[in-house]
J.: 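First the structure, which I've put down as structure tokens, then a few questions once you've had a look.
Source: prediction; values computed, not measured.
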Amino acid sequence: MSEPVALRYIKGIGPRRAEALASAGILHVSDLVEVFPFRWEDRRAFSLVSDLRQGGAEATLDLRVLSSRLIRTRRRGLTIFNAVLADSSGSIKAVWYNQPYLERVLVKDARVVVYGRAVVDRYGRELILDNPDYERLEADDDAGIHTGRIVPVYRKLGGLGSRALRSILHGVLAALQEGDLDDPVPPAVRQRQGLAPRLSALRDMHFPPGDTSMPDLALRRAPAQRALAFEEIFLVQLALAERKSQVERTTRGAHYEIPDALRVKLAKLLPFKLTGAQRRVLKDIGDDLRSSHPMNRLLQGDVGSGKTIVALLSLLVAVENGYQGVLMAPTEILADQHARGIFRILREAASDVRVSVLTGSLKAAPRRRALTDIANGHAQLVIGTHALFESGVEFARLGMVVVDEQHRFGVMQRMALTSKGTRPDVLVMTATPIPRSLALTLYGDLDLSVIDELPPGRTPITTVVRREADREKAYEGLRREIGGGRQAYVVVPLVEETAALDLKAATAFAAHLKKDVFPALSIGLLHGRLKGEEKDRVMQDFARGAIQIVVATTVIEVGVDVPNASVMIVEHAERFGLSQLHQLRGRVGRGAAKSYCVLMVGEGAEGETARQRLKTMEETGDGFKIAEKDLELRGPGAVFGTQQHGLSDLQFLAVILRDPGLLEAARDEAMRVAKAGEASAVFARLGGTWRKRLELPTVG
């Protein structure tokens, strides 16, 4: 394994920049070269000043400095650098802010290539280039790092902006030689799959060759991206294979018996019949519980498919066998919703199962009681949030862990909870439908079960897109439903007014509806900044019919179950992703009554992508089709969220989605390496960034 090169010794970095990068987890060159661009800009074609138009596309211009001036304003710390730039067709003024050093760079007669868009100045008198990207060239230079080529654009990292990162990476990649970086893909695998050499792929990924087409980059079809995507999926699949193999070699800590008498007892708890899909999944789980190694299963199911009841029955098997079961949810509102539903089922069945709830907002005395009950085993079933895997939480005999909305937790968080038992069984659930190939990529260490059937009596939801001109029509429909004894949600994106975004805030909008639109109706307000007891009060009042309309933010996205609610109006629907809209829509249609979802769109707010999202919502209620469309339109980061950790943080997921054969090839090669016992040798060649992503022990 090559000795990792510390960044502080690299030309152009030095101690200060190295410290900034270290704060972002970038410690060595092997980490730095995997800070990939999130997009590229084509700056190869040069325009003339005479071509520029207000509101036109961004343009690259080769200019000379006619004059320049640095202005130090009265506002503390604000400087303005003006330069008049010209080519053979004319001249234009460029303006930069808080870059006083430009006075020494863009001097009279200097040649500069700039990239930006022409706008009208604040006085409305002339076109200017406002803070364009720039690069000073020598007289005989034809191209540079920042202009005259396909240019990588990076997200800010450790206080360093895209331009600084571009300069650093260009120098680092130019100085590296083959062999300076360890290659985690074995040579035989790289040769069999026809992959580009690693250093070549890294260079082309950051700074694509001049003949690369922008469509290739946009669709991520370039050979460099294919090679790096293969590397990523190969390593993920290898780590998952090793983890799954380790689980399969592990002897379970809990031993279960599921006699017929227990099946009958559990069936009597339910006030309804299970669907065929639920029974099939319960059989999968039962087979796991009777096996010799711990269960490690992913349960997928669309909104309203009945995952929670499957989880409860599974947990009760653990309880009936003398173990504790735990259900962990990502938010307090979802944990509370689970608790209320489970309490209701157990109460109606006259069950004596003892349940405790542990969330971060518990006051000191109730928290101490809950911790004591969990530690001494009095609490047989525990429901909670991230608070469950904190260091002070000890279980007497933990046998089963259920993790809800798995995509919101990282693998390490899941492991932190399971480490509180002796190899407990694990069931992780998600209501975010994931295509099977993607599920195997993200959760390849888990066996997969799918509930692909909705309970009987669920009426399809009619979804329509409406604009401001149709608002009164939407309100009239809401009045009719409430007049018929139903209830409604109105969803808004934010809690407080934000000048940068023209969004209706929940607080102001609720007041407007109460005063101007529905003065005779009872209206409640629900958002993430309410205290736990306030949220509970609003939801309890809504559930018992004391509140007719709830104005809410996306805290109702999961976990809120009021069968009498038949209408949802989503304000600024164009701002939401498809999967989130689908989750929101799932809050209605939970009873037998016909239900409606109205997607309100701001005038002129739709782009082409937004139109496709909204059209998809009108056309289908199938969560799997919606998830695939959302992945296609927005990409995996937007769909699964930025708060993820570990295996779900894939940089090249778009490549995999468009090339399923690549995933299959990477999985096959990973299985081959794992079976040959060569995984540890591959992992030994990984840098710190990859070790962190795969949750491997740090070395060196």
Side-chain angles (χ1 to χ4, degrees), residues 303-304 457-495 502-527 535 538-576 580-603 605-606 613-615 617-619 621:
V303 176
R458 293 292 297 266
T459 307
I461 302 164
T462 297
T463 301
V464 294
V465 176
R466 294 285 183 260
R467 288 160 180 78
E468 283 300 317
D470 306 315
R471 181 172 291 279
E472 190 49 48
K473 187 186 296 184
Y475 285 162
E476 193 54 46
L478 188 151
R479 287 190 188 95
R480 279 197 304 272
E481 286 295 300
I482 291 179
R486 303 297 172 193
Q487 293 163 277
Y489 299 99
V490 177
V491 180
V492 293
L494 293 180
V495 176
D502 183 22
L503 302 176
K504 296 179 174 67
T507 47
F509 198 55
H512 161 67
L513 290 181
K514 179 63 180 173
K515 179 183 176 184
D516 303 321
V517 185
F518 305 113
L521 301 181
S522 173
I523 297 177
L525 177 62
L526 189 67
H527 58 73
K535 290 180 190 173
V538 173
M539 284 314 305
Q540 288 166 8
D541 288 347
F542 189 53
R544 64 185 177 85
I547 291 175
Q548 293 161 303
I549 301 174
V550 162
V551 177
T553 60
T554 54
V555 294
I556 65 156
E557 180 183 345
V558 292
V560 177
D561 186 3
V562 179
N564 193 50
S566 64
V567 179
M568 171 173 286
I569 296 177
V570 181
E571 296 290 331
H572 291 282
E574 75 279 0
R575 303 276 184 176
F576 296 93
Q580 190 174 38
L581 286 172
H582 182 59
Q583 291 284 337
L584 289 168
R585 179 170 61 181
R587 298 309 104 203
V588 296
R590 304 183 78 82
K594 177 68 178 172
S595 294
Y596 305 88
C597 179
V598 181
L599 305 176
M600 296 298 303
V601 179
E603 291 296 341
E606 293 170 276
R613 284 203 301 266
L614 298 172
K615 182 181 178 184
M617 288 296 295
E618 285 186 304
E619 291 177 345

J.: Report the distance from atom CD of Glu574 to atom CG of Leu581, rounding to the nearest 0.5 Å.
T.: 10.0 Å
J.: To check you understand the geometry: which heavy-atom pair defines the closest contact between Ser595 and Ala565, and what is its length?
T.: OG-O, 4.1 Å
J.: In the structure I gave you, are the side-chain heavy atoms of Leu584 and Tyr489 within less than 4.5 Å of one another anywhere?
T.: no
J.: For Thr463, give me all partners under side-chain contact (heavy atoms from CB on, under 4.5 Å), at least two apart in sequence or on another chain.
T.: Ile461, Arg585, Cys597, Leu599, Met617
J.: Looking at side-chain heavy atoms only, is the closest gap between Leu513 and Tyr475 below 4.5 Å?
T.: yes
J.: Looking only at heavy atoms, which two atoms of Gln487 and Gly545 are closest? And how far apart?
T.: NE2-CA, 3.6 Å
J.: For residues 509-522, pull every pair meeting side chain to side chain donor-acceptor pair (under 3.5 Å), keeping only residues two or more places apart or in separate chains.
T.: His512-Asp516
J.: Give me the atom names and distance for the closest heavy-atom approach of His582 to Gly621.
T.: CE1-O, 3.3 Å
J.: Salt-bridge test for Lys594 and Glu481: reply yes if a basic N is under 4.0 Å from a carboxylate O, no otherwise.
T.: no
J.: Between Arg471 and Glu571, is the closest basic N to carboxylate O distance under 4.0 Å?
T.: yes
J.: Side-chain contact, heavy-atom cut-off 4.5 Å: Leu525 with Thr507?
T.: yes
J.: Between Arg613 (side chain only) and Phe576 (backbone N and O only), is there a donor and an acceptor less than 3.5 Å apart?
T.: yes
J.: Would you call Arg486 and Asn564 a side-chain contact if the rule is heavy atoms closer than 4.5 Å?
T.: yes
J.: One pair to check against side-chain contact (heavy atoms from CB on, under 4.5 Å): Val562 and Arg587. What are the steps and the verdict?
T.: CA-CA 7 Å; Val562 179; Arg587 298 309 104 203; over 6 Å; no
J.: For residues Leu478 and Ile549, determine if any side-chain heavy atom of one lies less than 4.5 Å from a side-chain heavy atom of the other.
T.: yes
J.: Between Glu476 and Arg479, is there a side-chain N and carboxylate O pair less than 4.0 Å apart?
T.: yes
J.: Do you know which of Asp541, Ile523, Leu526, Leu521 makes side-chain contact (heavy atoms from CB on, under 4.5 Å) with Ile547?
T.: Asp541
J.: Does Asp470 reach the main-chain N or O of Arg467 with its side chain, forming a donor-acceptor pair under 3.5 Å?
T.: yes
